[in-house]
Amino acid sequence: MKKYYRINEIAKLYNIKTDSLRYYEKVGLICPMRSKSNYRLYTLNDIYILNIIRDCLKLGYDTHQIKEYLDNRSVNNTIVFLKEEEKLIQRQIQELNTTLSSIQTRIEDIDRTQYMVFDTCKIEVYPKRYCRYLKEKIDQDEKIDLLLTKLSESMEEDISVLGNMDSGSVVEYKNDEFVYTSVFILTQEEKHDFILDEGMYCTYTYSGEYDRTNQLFYKMKDWIQEHNYKIEGPFLEFLLIDIHETKKVEEYITSIHVKVKPRL
């Protein structure tokens, strides 16, 4: 005996609104039967068609393209359709792998903060690092997130600030004071517009509230001079752990870097 399904049953099965089913009917994608009482009755064949519609929508087809495929369905056209679906799945796999890699890197970076030495100046060597940067005065801490979001959008990349140790702020010494002038995100060489030069950097990492950062710029400046080094660029502030990762201020970790070279 042939089984029929009411519109509410089909809507529940596909987790869509009944209005969507009526729209599919209006544009000619499906054509359900009608009962003597004029109720829509869907058959197994309609379910086959709805499966195709669902898959086409996942591929980004509009209703006109879906109707054209349905009306001209053939083995050759189906092979073309399946190849398009294969490309979509491959893109999704690539995106998921990229996201997975990003998450794994963030976990490793956050774990590494447990072994950092705090509250001391030291000299570390860094390779050349390529960046995209956005130059704009930062007059409040909250603005850093907004600028990083704006910068990531300009890079056409979905960059999370959660545990992202590849981003930071540039702080320049102007008129006897330190001023936040821009934000940056490390990127690949072919996409850069700014370079953090390779070489020696004086670094200082501390935990807790970061409102004392300004004092540390002066402290580092004095330490660098006392140890016969010379400042070679702006200060770089990395908020390694902040409000994105924890609500406990005592767990915040900030790292300040500035390029230096020995005095002759």
Side-chain angles (χ1 to χ4, degrees), residues 92-134 138 141-153 155-171 180 182-189 191-192 194-217 219-220 223 233-260:
Q92 291 173 336
I93 291 172
Q94 185 176 4
E95 289 170 0
L96 284 172
N97 282 332
T98 299
T99 301
L100 177 60
S101 177
S102 176
I103 289 172
Q104 290 171 334
T105 299
R106 292 205 302 273
I107 291 172
E108 291 171 2
D109 286 341
I110 293 172
D111 282 344
R112 196 163 58 247
T113 62
Q114 300 176 39
Y115 308 100
M116 289 182 172
V117 177
F118 296 144
D119 300 316
T120 183
C121 288
K122 59 181 178 178
I123 299 297
E124 297 183 277
V125 177
Y126 283 88
K128 183 180 292 185
R129 291 168 288 178
Y130 299 94
C131 310
R132 289 290 300 273
Y133 87 119
L134 181 63
I138 304 170
D141 295 331
E142 293 84 357
K143 196 172 183 180
I144 293 176
D145 269 358
L146 294 175
L147 292 178
L148 284 172
T149 300
K150 184 177 179 180
L151 178 57
S152 66
E153 287 177 352
M155 295 169 67
E156 297 182 351
E157 297 175 17
D158 183 16
I159 299 174
S160 171
V161 294
L162 180 62
N164 188 351
M165 299 182 187
D166 290 339
S167 65
S169 307
V170 177
V171 185
Y180 288 80
S182 56
V183 295
F184 63 88
I185 296 174
L186 299 189
T187 187
Q188 289 142 9
E189 181 177 357
K191 297 182 179 180
H192 83 283
F194 182 72
I195 295 176
L196 300 179
D197 292 328
E198 64 182 335
M200 294 184 296
Y201 283 78
C202 176
T203 67
Y204 190 100
T205 303
Y206 69 95
S207 61
E209 184 61 74
Y210 47 77
D211 58 358
R212 63 189 177 103
T213 302
N214 198 61
Q215 308 169 33
L216 296 176
F217 294 143
K219 180 176 181 178
M220 292 175 69
W223 186 94
F235 283 76
L236 310 170
E237 181 186 73
F238 297 85
L239 303 182
L240 306 187
I241 292 181
D242 64 0
I243 194 171
H244 297 98
E245 296 81 28
T246 179
K247 62 188 293 185
K248 299 177 181 179
V249 175
E250 64 271 20
E251 291 184 336
Y252 288 4
I253 296 179
T254 305
S255 189
I256 307 169
H257 299 187
V258 60
K259 190 174 186 298
V260 297

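FYI, side chains are in, hydrogens and waters are out, and symmetry mates aren't considered; it's all heavy atoms of this structure.
We find the CG-NZ distance between Asp197 and Lys259 to be 5.5 Å, quoted to the nearest 0.5 Å. With values rounded to the nearest 0.5 angstrom, Leu236 atom CG is found 6.5 Å from Tyr201 atom OH. With values rounded to the nearest 0.5 angstrom, Arg112 atom CZ is found 11.0 Å from Ile253 atom CD1.
Between Thr213 and Tyr206 the shortest side-chain heavy-atom distance falls below 4.5 Å. Using a 4.5 Å cut-off on side-chain heavy atoms (C-beta onward), Leu96 and Leu100 make no contact. Two residues are said to be in side-chain contact when any heavy atoms from C-beta on lie closer than 4.5 Å; His257 and Leu196 fail this criterion.
Of all non-hydrogen atoms in Tyr204 and Asp119, the two that sit nearest each other are OH-CA, 3.2 Å. Considering every non-hydrogen atom in both Pro234 and Val258, the closest pair reads O-CG2, 3.6 Å. Between Glu250 and Ser207 the shortest heavy-atom distance is O-CB, 4.2 Å. Nearest heavy-atom pair, Thr246 versus Lys248, reported as atom, atom and distance to 0.1 Å: OG1-N, 2.9 Å. Taking all atoms of both residues into account, the shortest heavy-atom contact from Phe217 to Val171 is CE1-CG1, 3.7 Å. Scanning both residues, Phe118 and Thr113, for their nearest heavy atoms gives CZ-O, 3.9 Å.
With sequence neighbours excluded, the residues satisfying side-chain contact (heavy atoms from CB on, under 4.5 Å) with Val117 are Thr120, Lys122. Taking Ile103 as the reference, Thr99, Arg106, Ile107 meet the side-chain contact (heavy atoms from CB on, under 4.5 Å) condition, with sequence neighbours excluded. Residues passing the side-chain contact (heavy atoms from CB on, under 4.5 Å) test with Lys247, sequence neighbours excluded: none. Partners of Glu124 under the side-chain hydrogen bond (donor to acceptor under 3.5 Å, both in side chains) rule, at least two apart in sequence or in another chain, are Thr203. In this structure, the side-chain contact (heavy atoms from CB on, under 4.5 Å) partners of Asn97, at least two apart in sequence or on a different chain, are Ile93. With sequence neighbours excluded, the residues that form a side-chain hydrogen bond (donor to acceptor under 3.5 Å, both in side chains) with Thr205 are Ser255.
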Practice problem: Begin with the C-alpha distance, continue with both residues' side-chain angles, and end with the deciding distance and a verdict on side-chain contact (heavy atoms from CB on, under 4.5 Å) for Phe238 and Ile256. | Solution: CA-CA 6 Å; Phe238 297 85; Ile256 307 169; over 6 Å; no
Quiz prompt | Intermediate values then yes/no, side-chain contact (heavy atoms from CB on, under 4.5 Å), Asp109 and Leu240 | solution = CA-CA 8 Å; Asp109 286 341; Leu240 306 187; over 6 Å; no
